Amino acid sequence: MVRIYRESFSFFVSSLPMLLAFALLIEGLLWVLQPKSETGATFAALTILAYYFHRHFLFGEMLGLRNQKPADGAPPFKFGWFILISVGLVFVPIALAFAISFSMAGRFAPLLTIAVALPTYLIALSLFGTALPAVVARDGSYRLQQGLRAGFQTMWRLILGPCLVGAVLVALAVLSGRWAAGLPDDSLVLLAYFTAARLLGFLPTILAVAVLCEMYRKTRPKPLDGGPGLASQTPA
């Protein structure tokens with residue numbers, strides 16, 4: 001387990017220039033366009049970035065913008081099913097939380113929505129999250145019940161890794177948010193602050209992807225000594 005987290009931090013550090021560029025691009029577009037809903041505006045970009053994180057932990061591919069080619073033995077880049085499953089894993093728990101909260105809580109509905117959505121999302125990711133690396137690997141032998149059987153192990157790894165790091169980052173955001181609130185909306189310092197926050201926000205995602213890819217590997221039949229690995233099990 002420690003190895004998973006160590007590899008995640010190593011990938012984060014080695015990818016800092018690219019991650020910083022992505023963070024600046026996202027926050028720069030939000031700063032210029034000022035969309036009514038940041039969630040909808042950033043979901044597609046963050047989902048595609050998560051796809052590339054999966055490819056790194058499955059096939060060793062690094063982030064890059066030019067001449068991006070699949071690693072030896074890795075399948076081609078295809079985003080469709082990955083995006084659809086990601087939408088289900090994110091928005092179904094949120095929709096369920098909204099339905100429960102606003103039917104029960106009245107003016108406390110926003111707080112209850114968060115309290116319901118976060119554990120619901122954790123459970124959904126623990127039970128069904130290994131389908132994401134399976135789709136990235138285009139593994140036709142993967143079955144949903146294999147991920148379900150590994151659900152408990154996946155959950156506590158997610159809690160000790162991305163959930164814990166995410167909680168620390170949220171606490172830092174709350175503490176620094178009072179200072180940022182005093183800055184003008186058009187301040188470049190505020191843009192730099194949001195870019196740094198976005199950059200650090202990639203770390204829990206990287207940790208979660210590393211956990212899901214590791215647990216996906218554990219669902220695969222063990223190859224014979226000297227036999228084929230993950231890449232050769234993947235359909236071309």
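Quick caveat: nothing in here was measured; it's all calculated off a predicted structure.
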Taking a hydrophobic cluster as the set of Ile, Leu, Val, Met, Phe, Trp and Tyr residues connected by side-chain heavy atoms closer than 4.5 Å, whether directly or through intermediates, do Leu144 and Val135 fall within one such cluster? yes
Parallel, tilted or perpendicular: which describes the rings of Phe53 and Phe202, with under 30° parallel and over 60° perpendicular? perpendicular
How would you list, by chain and number, every residue that makes a side-chain contact (heavy atoms from CB on, under 4.5 Å) with Leu164, sequence neighbours excluded? none
With Val87 via side-chain contact (heavy atoms from CB on, under 4.5 Å) - residues at least two apart: Phe43, Ile83, Phe91
Under 4.5 Å between side-chain heavy atoms, hopping through other hydrophobics if needed: is there a path connecting Phe9 to Leu16? yes
4.5 Å side-chain heavy-atom contact, Leu24 and Leu199: no
Scan residues 10-19 for pairs that pass salt bridge (charged side-chain N to carboxylate O under 4.0 Å, His left out), counting only residues two or more places apart or in two chains. none
Check: Ile159 and Met155 side chains under 4.5 Å, non-hydrogen atoms: yes
Can you name the closest pair of heavy atoms from Val209 and Ala50 and give their distance? CG2-O, 4.4 Å
Determine which pairs satisfy salt bridge (charged side-chain N to carboxylate O under 4.0 Å, His left out) with at least one residue from residues 43-55, sequence neighbours left out, and list them in order. Arg55-Glu61
What's the separation between atom CG in Asp139 and atom OH in Tyr216, rounded to the nearest 0.5 Å? 3.0 Å
Which residue pairs pass the salt bridge (charged side-chain N to carboxylate O under 4.0 Å, His left out) test when at least one of the two sits in residues 192-204, sequence neighbours left out? Glu27-Arg198
Could you see if Leu207 belongs to whatever hydrophobic cluster contains Phe12? Use Ile, Leu, Val, Met, Phe, Trp, Tyr and a side-chain cutoff under 4.5 Å. yes
Quick test of your reading: applying side chain to side chain donor-acceptor pair (under 3.5 Å), list the pairs with at least one residue in residues 4-17, sequence neighbours left out, ordered by first then second residue. Arg3-Glu7
Side chain to side chain donor-acceptor pair (under 3.5 Å) pairs touching residues 150-165, sequence neighbours excluded, are none
Minimum heavy-atom separation for Leu89 and Ala124, please, with both atom names. CD2-O, 3.6 Å
Below 6.0 angstrom between ring centroids: does that apply to His54 and Phe59? no
Measure the spacing between CG of Leu19 and OG1 of Thr205 and express it to the nearest 0.5 Å. 10.0 Å
Shortest non-hydrogen contact from Pro75 toward Ala137: CG-O, 3.8 Å
Cys213 and Pro133: which non-hydrogen atoms are nearest, and at how many Å? SG-CB, 4.0 Å
Leu20 with Met62, same ILVMFWY side-chain cluster at under 4.5 Å: yes
Would Phe194 and Val189 show up in the same hydrophobic cluster when neighbours are defined by side-chain heavy atoms closer than 4.5 Å? yes
Nearest-0.5 Å distance, CZ of residue Phe128 to CG of residue Leu212: 13.0 Å
Parallel, tilted or perpendicular: which fits the ring planes of Phe79 and Tyr51, with parallel below 30° and perpendicular above 60°? tilted
Check side-chain contact (heavy atoms from CB on, under 4.5 Å) between Leu188 and all other residues, then give those that pass, not counting sequence neighbours. Trp31, Leu191
Considering residues at least two apart in sequence or located in another chain, which fulfil the side-chain hydrogen bond (donor to acceptor under 3.5 Å, both in side chains) criterion with Tyr142? Thr130
I'd like to check the side-chain hydrogen bond (donor to acceptor under 3.5 Å, both in side chains) partners of Ser126; sequence neighbours left out, ordered by chain and number. none
Testing Leu125, Ile123, Leu118 one by one against Tyr121 for a side chain to side chain contact (heavy atoms under 4.5 Å, CB included), which residue passes? Leu125
Ile48 side chain reached by Tyr52 side chain, heavy atoms, under 4.5 Å: yes
Can you pull out every side chain to side chain donor-acceptor pair (under 3.5 Å) where at least one residue sits in residues 79-96? Sequence neighbours excluded, please. none
Salt bridge (charged side-chain N to carboxylate O under 4.0 Å, His left out) partners of residues 81-93, not counting sequence neighbours, each pair once: none
Taking atom CZ of Arg217 and atom CZ of Arg220, what is their separation to the nearest 0.5 Å? 11.5 Å
